[in-house]
Amino acid sequence: NGVETMKALRSIRAGIRVILMTAYTAAELLAEAEREGAVEVLAKPVAVPKLVRMLEELAQGARRVLLVDDDPEFLTMLRERLSKHGFTALQAASLSAALEQLEEDHPGVVVLDLRLPDVAARDSILAVKQMSPAGVLILWSSNGAAIEDGDATIPGSWMYASLRKPFPPGRHVSL
C-alpha cells in the first residue's frame, strides 16, 4: 500500500516529501499516513488544480531554509552565504520563533542548533518534527557530544545530516 511504499522510500532517502493518493478511506490507514509524515493524502479522483498548487508550494519550500541558532552573527553570515546560492534563508533565534516560522512559511529544510537556550536538544527536535514531519532536518552544534546525543536519541529517518560548528558554509551549500 501507499504507506508501506512511503516507508520504503524514506528508508532510502530520509526526509523525502510524499503526497499519497488513494481511492480508499480506511481511517486507520489515513491515520498511519499522517503519523508517518505524509504531506497530504488526496482522494481519487484527484483534483488536479489542488495537486498543482500543492506541488508549486512544495517546490518553493525546497529552496527555503530555516536556520535556528541563538548566535545572531552566525545566522547573518550563513543567511547571506545561502542567499548567494539562490536559497531563501529564514532565521529564528529560539525554538518558539522557529515553530512560528515553520507554521507561517513552510520551509523545506530546517537547520537546527542543538544548543538553544532553555530547551533540551531532544525537545527541540521533537517540536520541529511535529510541526514539519516531512521537512528535511539538519542538526548542528559546536559540541560534538551534543551531536552524538542527538544522532543517538532520534530515529535516523528524522535527520538528513549533522554538522559540527564551525564549518565552512560554502562547502555544505549543496545540501
Side-chain angles (χ1 to χ4, degrees), residues 1-68 82 85-92 95-114 116 119-140 147 149-163 172-175:
N1 67 35
V3 176
E4 294 302 319
T5 302
M6 179 174 65
K7 288 178 185 179
L9 289 169
R10 290 216 171 127
S11 73
I12 297 166
R13 183 173 171 220
I16 190 170
R17 302 179 85 179
V18 177
I19 299 170
L20 294 175
M21 294 177 264
T22 183
Y24 304 103
T25 57
E28 185 177 316
L29 194 58
L30 296 176
E32 185 179 6
E34 186 175 296
R35 279 192 309 275
E36 291 295 325
V39 173
E40 183 88 35
V41 179
L42 300 175
K44 290 181 183 175
V46 173
V48 175
K50 180 178 180 176
L51 177 61
V52 168
R53 276 193 309 278
M54 191 177 305
L55 292 171
E56 286 172 345
E57 288 174 15
L58 290 172
Q60 287 176 355
R63 298 298 291 179
R64 286 194 307 260
V65 178
L66 174 58
L67 307 170
V68 186
L82 290 172
H85 290 278
F87 290 91
T88 300
L90 310 168
Q91 294 180 208
L95 179 60
S96 59
L99 296 177
E100 287 177 25
Q101 287 275 11
L102 281 169
E103 189 171 26
E104 290 174 20
D105 296 313
H106 310 289
V109 178
V110 176
V111 185
L112 177 66
D113 184 2
L114 292 174
L116 293 174
V119 63
R122 182 166 174 78
D123 294 340
S124 294
I125 294 165
L126 290 171
V128 167
K129 286 311 283 185
Q130 279 184 324
M131 183 68 68
S132 181
V136 174
L137 178 61
I138 299 172
L139 304 178
W140 67 17
I147 290 175
D149 289 346
D151 289 353
T153 61
I154 64 168
S157 63
W158 285 14
M159 179 184 64
Y160 180 80
S162 58
L163 303 171
H172 298 289
V173 165
S174 63
L175 290 177

Exercise. What are the two closest heavy atoms between Val68 and Ala98, and how far apart are they?
Worked result: CG2-CB, 3.6 Å
Exercise. Less than 4.5 Å apart, any side-chain heavy atom of Thr88 and any of Val65?
Worked result: no
Exercise. Of Leu42, Val46, Val3, Val41, which is the lone residue that meets side-chain contact (heavy atoms from CB on, under 4.5 Å) with Thr22?
Worked result: Val41
For this session: Evaluate the side-chain contact (heavy atoms from CB on, under 4.5 Å) criterion for residues Leu67 and Leu82: first the C-alpha distance (whole Å), next the side-chain angles of each, then the deciding distance (0.1 Å), finally the verdict.
Result: CA-CA 10 Å; Leu67 307 170; Leu82 290 172; 3.9 Å; yes
Problem set entry | Within 6.0 Å of CD in Glu104, more than 12 heavy atoms from elsewhere | yes
Exercise. What is the minimum heavy-atom distance between Met131 and Leu102, and which atoms define it?
Worked result: CG-CB, 3.5 Å
Exercise. Side chains of Leu114 and Ser124: does their closest heavy-atom pair fall under 4.5 Å?
Worked result: no
Problem set entry | Whether over 12 other heavy atoms sit under 6.0 Å from Glu34 CD | no
Problem set entry | Within-4.5 Å side-chain heavy-atom neighbours: Ile138 and Val110 | no
Problem set entry | Validation row: Glu40, Lys50 side chains within 4.5 angstrom (heavy atoms) | yes
For this session: Take Leu112 and Ile125 through the side-chain contact (heavy atoms from CB on, under 4.5 Å) test and state the conclusion after the steps.
Result: CA-CA 8 Å; Leu112 177 66; Ile125 294 165; 4.0 Å; yes
For this session: Would you mind checking if Glu32 and Arg35 are paired as a salt bridge, meaning a charged N to carboxylate O distance below 4.0 Å?
Result: no
For this session: Could you tell me which non-hydrogen atom of Leu95 sits nearest to which non-hydrogen atom of Leu116, and how far apart they are?
Result: N-CD1, 4.0 Å
Exercise. Looking at Ala33 and Met6, what are the two nearest heavy atoms and their distance?
Worked result: O-CE, 3.9 Å
Exercise. Do Leu51 and Ile19 have side chains that get closer than 4.5 Å, going by heavy atoms?
Worked result: yes
Problem set entry | Residue Lys7 excluded, over 12 heavy atoms near NZ under 6.0 Å | yes
Exercise. Looking at His106 and Arg64, what are the two nearest heavy atoms and their distance?
Worked result: O-NH2, 3.2 Å
